[in-house]
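Take a look at the structure set out below.
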Amino acid sequence: MRTSQLLIPTLREDPGEAEIASHRLMLRAGMIRKVAAGIYTYLPLGLRVIRKIERIIREEMNRAGAQEILMPILSPAELWRETGRWDFYGKELLRCKDRHERDFCFGPTHEEVITDLFRREVRSYRQLPLNFYQIQTKFRDEIRPRFGLMRGREFLMKDAYSFDKDEEGAGRSYQKMYDAYHQIFTRCGLNFRAVEADTGLIGGSMSHEFMVLADTGEETILFDENGAYAANVERAEVPPPPGASLEPQRSLQKVSTPNATTVEEVCTFLKTSPENLVKTLLYHTEKEEIVGVLIRGDHEANEIKVKRCLGVTGLTLADAETVARVSSAPVGFAGPVGLKNIQILADHAIQGMRNFVVGGNESDTHLLNVNWDRDFKVDIFTDLRQAQAGDPSPRGGTPLRSAKGIEVGHVFLLGTKYSQAMGATFLDPNGKETLAVMGCYGIGVGRTAAAAIEQNHDRKGMIWPLSIAPFHIHLLPVTASENVQETTQALYASLVNAGLEVLWDDRDERAGVKFNDADLIGAPFQVTIGDKGLATGAVDVKNRRTGEITKVSYKEVATYLSNQLSLNKTPQLENW
RNA sequence: CGGGGCGUAGCGCAGCCCGGUAGCGCGCCUGCUUUGGGAGCAGGAUGUCGGAGGUUCAAAUCCUCUCGCCCCGACCA
């Protein structure tokens, strides 16, 4: 392809709106342009990358036995009302009305639509298992879209939905998708990790996220050295403490702690350390109840764990007024001793503690030598805190390490949540009507492209993994002589004949401009053709990643590059 | 939704405090020279200063409203 026939509006300067590498570089390389907040047009170069990723996804999904379909972007409100998500989804669900005033929404995901298809068309266990997928534009009216394709409102997603006759089958379908995802992201040339995840709004019983490791990632993951455990920090379990403290219980003591409201201030004032302190957090649940959550001073509460423990979906820290009413003290002095009529949950780390410090439920007061059971009752001891680096792994106890990740894929074992709500049943061998057991599986296509850039770029631009590069080779004739033009033409033909994807910079630009654009666009190899080299019958082949430049006889370039490309190939299986 | 910031030429920005009718760099167009890492010279085009209203003899500049965008937070398959 000649550059003169593609719109590749590269920018010399960084656009003001872009913060992170992928966003900045995609704009600069002319791959995307913004149309509105979180809404982008893919230009030819950007679309090529998207198509490459889609192709890998299709091959692996097909290989795993899934069948491609295409559902509509718009779906009718009735389907969403059946599962309750019309109300539950909130403002993220973009709604509209048609000319007859009927309610519709732009699909943020497609469980309702696919489950409706299933219940209409599938009758018998003989037809199962089934797995349908599509690559379709999704719309989620994100509160704050950001970082270009990383978190858009409109975005391309591959979503798949499996239907099985029982839990066991659903587990197998889940495993197939899990394996396919490994294959997909490996083929995309990404350094990623599958981690245990929370199921969030989608619901279900088991879930893994596929995280591309990158410092700009919005998610924090924890994993152990030997690969036995990896989880999203939202999900990561903390094992119970090894044993109770053997320290003798001392007598309760009330002390004045003027203006000491933070853990740090209290510790400084009482000359103790945060490990001896217990924070009392008061939360509102959606049912208007107040619960007390006890967390060791140097730990953070994990609200998802608290929600799960209580079986609620809404949880907010109580405001100052409520704290004052419940604890009869300003924020910072609440404590479990003497708190009446509210449920007390405690992180299990506290089970191992003796003689700790808590708030005194009085202004400027704390209590020393507090002991659970003796001084207050705990309704539930369980894992309630955020895991952190250094904590023991729940599988084997080696210390966890943390990293930032970009969520590019997510697999869920849904169970019968949707089939139940929508009556998606089939007849089992005994003629009994049975609920389908479902799974759902998403991949952010644009986000995968963005993640690849986050992981593969340098100061000058992008460095594409071969499998998803917009082009394999960037041809750069740098002088205008007839010899160079003719050689370039011949070279282009021979490379294309060898099955390579070649971008030919045929613009009338100076060498420096071409070199800089080529580094920015990041094709894995650049071939420079100039009079200087041709004098000895050679062209320069540059490996974008290593920066290494090799002089190659122009007659052998096609062979040389074919070899280089197969050396740089990411693992790939034959087509289905 | 809370906090902060920005909308001035295609892009990046100055001018705004202290009103006097718009400028710089890059890009773009023409010509000549140049041509292996973002060329030089000469000439040229381009703006309803985000929008609406107000104050004023006069508004990019001051005031009010409004729309859009960015960042932090809350939120989030």
Side-chain angles (χ1 to χ4, degrees), chain A residues 7 9-20 23-24 27-28 30 33-39 85 88-93 107-112 138-148 150-153 155 157-161 197-204 207-210 218-219 232 234 303-304 313-317 407-414 417-418 439-444 447 460-461 476-481 484 505 507-520 526-535 538-540 542 547 549 551:
Chain A
L7 180 65
T10 57
L11 304 174
R12 187 177 292 213
E13 285 164 281
D14 282 337
E17 70 190 57
E19 204 77 353
I20 62 171
H23 189 196
R24 210 177 58 232
L27 285 168
R28 277 195 57 200
R33 283 295 183 261
K34 187 174 70 180
V35 176
I39 300 178
R85 289 209 290 185
F88 193 67
Y89 224 104
K91 286 196 170 177
E92 207 176 306
L93 187 65
T109 173
H110 281 77
E111 283 80 8
E112 280 78 0
K138 296 279 184 282
F139 197 98
R140 292 183 190 173
D141 204 353
E142 291 275 350
I143 296 172
R144 185 149 88 83
R146 60 188 121 170
F147 304 147
M150 198 72 97
R151 181 170 290 269
R153 292 194 292 171
F155 57 99
M157 171 168 156
K158 186 287 301 178
D159 47 326
Y161 306 88
D198 185 63
T199 52
L201 258 191
I202 292 279
S207 170
H208 286 87
E209 288 167 330
F210 286 76
E218 295 186 86
E219 307 282 342
N232 191 309
E234 292 176 347
E303 295 183 4
I304 291 171
T313 53
L315 194 72
T316 44
L317 264 182
E407 180 193 354
V408 289
H410 203 156
V411 294
F412 295 84
L413 195 53
L414 289 174
K417 177 175 170 176
Y418 294 91
C440 77
Y441 318 93
I443 290 178
R447 189 183 278 184
K460 303 221 73 173
L476 307 168
V478 290
T479 44
S481 76
V484 165
D505 192 341
R507 296 174 302 171
D508 181 20
E509 285 289 355
R510 301 177 66 81
V513 174
K514 293 187 177 185
F515 289 139
N516 280 301
D517 275 353
D519 287 344
L520 175 61
Q526 296 168 17
V527 177
T528 304
I529 306 111
D531 287 316
K532 219 196 284 181
L534 286 188
V539 297
D540 291 345
K542 173 171 152 183
I549 296 174
K551 292 218 174 290

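Just so it is clear, the values below take in all heavy atoms, side chains as well, and ignore hydrogens, waters and symmetry mates. Proteins come first, then strands; the chains are lettered A, B, ... in the order of their sequence lines, and each starts at number 1.
Under the Watson-Crick and G-U wobble criteria, each requiring two contacts below 3.5 Å, nucleotide G19(B) is left unpaired. Pairing for A52(B) goes to U64(B), judged as Watson-Crick or G-U wobble with the two contacts each under 3.5 Å. Here C26(B) sits opposite G10(B) as a Watson-Crick or G-U wobble pair (both hydrogen-bonding atom distances under 3.5 Å). Checking U35(B) for Watson-Crick or G-U wobble geometry (two distances, each under 3.5 Å) identifies no partner in any strand. Nucleotide G73(B) has C1(B) as its partner under the Watson-Crick or G-U criteria, with both atom distances under 3.5 Å.
Note that CZ of Phe515(A) is 10.0 Å distant from NZ of Lys460(A), once rounded to the nearest 0.5 Å. In this structure, CG on Asp519(A) lies 4.5 Å from CD on Gln526(A), to the nearest 0.5 angstrom.
Going from the C1' atom of U61(B) to that of A22(B) covers 11 Å, rounded to whole Å. Rounded to whole Å, the separation between the P atoms of G31(B) and A52(B) comes to 40 Å. Nucleotides G53(B) and C76(B) place their C1' atoms 39 Å apart, quoted to the nearest Å.
For Glu303(A), there are no salt bridge (Lys or Arg N to Asp or Glu O under 4.0 Å) partners at least two apart in sequence or on another chain. For Asp531(A), there are no salt bridge (Lys or Arg N to Asp or Glu O under 4.0 Å) partners two or more places apart in sequence or in a different chain. For Glu219(A), the side chain to side chain contact (heavy atoms under 4.5 Å, CB included) test picks out Met211(A), Asn232(A), Glu234(A), Glu407(A), with sequence neighbours left out. Partners of Arg151(A) according to the salt bridge (Lys or Arg N to Asp or Glu O under 4.0 Å) rule, which considers only residues two or more places apart in sequence or in another chain, are Glu142(A), Glu218(A). With sequence neighbours left out, Lys551(A) forms a salt bridge (Lys or Arg N to Asp or Glu O under 4.0 Å) with Asp540(A). Residues that satisfy the side-chain hydrogen bond (donor to acceptor under 3.5 Å, both in side chains) test with Arg510(A), not counting sequence neighbours, are absent from this structure. Residues satisfying the side chain to side chain contact (heavy atoms under 4.5 Å, CB included) criterion with Glu19(A), sequence neighbours excluded, are Phe147(A). By the side chain to side chain contact (heavy atoms under 4.5 Å, CB included) test, Lys138(A) pairs with His110(A), Gln134(A), Gln136(A), Phe155(A), Met157(A), Asp159(A), sequence neighbours left out.
Here Tyr441(A) lies out of heavy-atom contact (under 4.0 Å) with every strand.
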- Query: Reading nucleotides 35-40 of chain B from the 5' end, what letters show protein touch, with B for base, S for backbone sugar-phosphate only, - for no heavy atom under 4.0 Å?
  - Reply: SBBBB-
Could you run down the sub-3.5 Å N/O contacts of the protein with nucleotides 3-10 of chain B?
none

Check nucleotides 43-45 of chain B against the protein and report each pair of N or O atoms closer than 3.5 Å, with its distance, or say if there are none.
none

Tabulated below should be each protein N or O lying under 3.5 Å from an N or O of nucleotides 67-73 of chain B; please produce it.
unit_1, atom_1, unit_2, atom_2, d
C69(B), OP1, Ala37(A), N, 2.9
C69(B), O3', Lys34(A), NZ, 2.9
C72(B), OP2, Arg144(A), NH1, 2.8
C72(B), OP2, Arg144(A), NH2, 2.6

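Asp14(A) and Arg28(A) are joined by a salt bridge, as a carboxylate oxygen and a charged side-chain nitrogen come within less than 4.0 angstrom of each other.
Whole-Å rounding puts the Ile304(A) CD1 to A74(B) C1' distance at 14 Å. Across the protein-nucleic acid pair, Arg151(A) atom CZ and C76(B) atom P stand 11 Å apart, rounded to whole Å.
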